K.L.:
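Take this structure, written in structure tokens, and hold onto it; I'll ask about it next.
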Amino acid sequence: MNEIIIKYKRIKNIYIRVKPDLNIHVTAPKRVAKKYIKEIIEKRKEWIEERIETMQKKNIHDISIKKLEDGNEIFYLGKSYMLKTIKSKRENIILAGRIMYMYVNIKNDLQNNENINKRKKEVLLDIWYKKEAIKLFDELIKKYSSLMNIKVETFTVKKLKSKWGSCDTVKKHIVLNLELIKYPIHAIEYIILHEMAHLIYPNHSKNFYNTVALYMPEWKKAKIILDTFFDI
Ligand SMILES: [Zn+2]
């Protein structure tokens with residue numbers, strides 16, 4: 001079951017929402033018993049499950065949006081940011097609130113520049129995603145290296161079509177899909193942990209999953225977000 005996150009507010013009714021993190025977010029008036037909230041959730045179980053399914057499909061659809069047009073949602077670490085492009089000679093991407101400011105050297109003085117501008121934005125976003133991914137994945141690999149007491153020699157981040165990651169157990173080299181940077185951090189952690197656990201067990205045996213569960217007891221929740229599209 002997905003997590004139930006309760007927030008108490010000065011309101012009169014109880015609201016239940018399924019958010020893109022696939023958890024059940026409840027807003028309830030102060031002093032409403034948890035037991036009562038759970039009863040309501042149980043009563044609306046069918047509706048909640050439907051919402052989770054729809055949200056899962058929506059996630060995939062939203063996340064894979066390729067059109068970099070102003071106002072579109074761009075995903076980074078499981079959150080969506082509204083794209084706003086700003087014409088600038090110095091290129092950069094800055095997140096502020098839920099807006100992604102893309103400073104990009106686009107041209108609007110010539111005709112037929114649309115494709116060139118589109119490509120420029122794509123390249124800029126990919127470079128930024130990769131830079132952020134390398135930084136974060138490196139930190140996570142270090143975290144699990146010390147927890148698991150194993151060593152990863154090298155890792156690369158690249159666009160993979162049908163995998164989240166792979167592991168060369170001889171060279172102790174891990175490849176991670178750049179696409180991961182769009183997903184929530186616990187989903188990224190699961191993939192890194194998964195690939196690193198292959199350095200102990202190269203297969204998907206019971207021992208392998210026991211090792212994964214040892215370091216991430218709730219790994220199934222992370223996997224469910226990624227599962228529908230790729231096999232690992
Ligand atoms: Zn595997």
Side-chain angles (χ1 to χ4, degrees), residues 1-3 18-23 49 52-66 74-80 125-232:
M1 189 66 178
N2 304 53
E3 230 173 290
V18 176
K19 289 198 180 173
D21 61 4
L22 303 182
N23 289 322
E49 274 163 11
I52 290 171
E53 209 178 295
T54 319
M55 198 55 83
Q56 223 167 333
K57 281 182 193 149
K58 191 175 180 285
N59 265 352
I60 290 125
H61 169 72
D62 280 351
I63 281 180
S64 62
I65 273 181
K66 297 278 178 342
I74 310 295
F75 275 79
Y76 173 63
L77 298 182
K79 281 187 186 159
S80 72
L125 184 60
D126 270 350
I127 291 170
W128 182 79
Y129 269 149
K130 195 162 183 181
K131 192 183 80 194
E132 295 300 316
I134 288 171
K135 210 161 57 184
L136 176 68
F137 299 175
D138 183 48
E139 277 170 25
L140 293 174
I141 288 171
K142 279 182 186 145
K143 173 183 163 183
Y144 284 98
S145 291
S146 71
L147 281 174
M148 301 164 86
N149 200 20
I150 50 174
K151 197 170 187 252
V152 174
E153 289 296 339
T154 47
F155 78 97
T156 44
V157 179
K158 57 181 174 188
K159 286 188 178 180
L160 300 171
K161 283 226 169 85
S162 59
K163 278 180 176 179
W164 286 118
S166 65
C167 178
D168 183 329
T169 52
V170 179
K171 289 180 185 160
K172 296 188 193 307
H173 176 78
I174 286 175
V175 182
L176 296 161
N177 195 337
L178 177 62
E179 192 75 6
L180 279 169
I181 198 69
K182 297 177 185 175
Y183 288 82
I185 197 153
H186 59 277
I188 302 173
E189 278 200 60
Y190 165 66
I191 296 300
I192 288 175
L193 170 61
H194 180 113
E195 298 308 334
M196 286 177 73
H198 278 317
L199 295 173
I200 309 170
Y201 299 103
N203 46 37
H204 291 127
S205 60
K206 202 165 184 287
N207 283 337
F208 169 83
Y209 280 109
N210 286 342
T211 305
V212 171
L214 188 65
Y215 298 99
M216 189 185 276
E218 306 217 299
W219 64 271
K220 277 185 186 164
K221 261 191 213 168
K223 192 171 181 280
I224 210 168
I225 299 175
L226 303 162
D227 235 14
T228 342
F229 311 91
F230 295 92
D231 287 318
I232 52 164

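Since this is a predicted model, take the numbers as computed values, not measurements. All ligand and atom numbering here is 1-based and tracks the order in the structure.
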K.L.:
Holding to side chain to side chain donor-acceptor pair (under 3.5 Å), I want the full list of residues that pass it with Thr169, two or more places apart in sequence or in another chain.
P.N.:
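Partners of Thr169 by the side chain to side chain donor-acceptor pair (under 3.5 Å) criterion come out as none, since no residue qualifies.
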
K.L.:
Looking at the Zn ion (ligand 1), is there an N, O or S atom belonging to His204 that lies under 2.8 Å away from it?
P.N.:
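A backbone or side-chain N, O or S atom of His204 is under 2.8 Å from the Zn ion (ligand 1).
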
K.L.:
Of all the N, O or S atoms in His198, which one sits nearest to the Zn ion (ligand 1)?
P.N.:
NE2

K.L.:
Starting from the Zn ion (ligand 1), look over the N/O/S atoms of His194 and name the nearest one.
P.N.:
NE2

K.L.:
Give a yes-or-no answer on whether the side chains of Ser166 and His198 include a donor-acceptor pair shorter than 3.5 Å.
P.N.:
no

K.L.:
Check Lys130 with Asp126, please: is the shortest side-chain N to carboxylate O separation under 4.0 Å?
P.N.:
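No salt bridge links Asp126 with Lys130.
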
K.L.:
Please determine whether a side-chain nitrogen of the Lys or Arg among Glu3 and Lys221 lies less than 4.0 Å from a carboxylate oxygen of the Asp or Glu.
P.N.:
yes

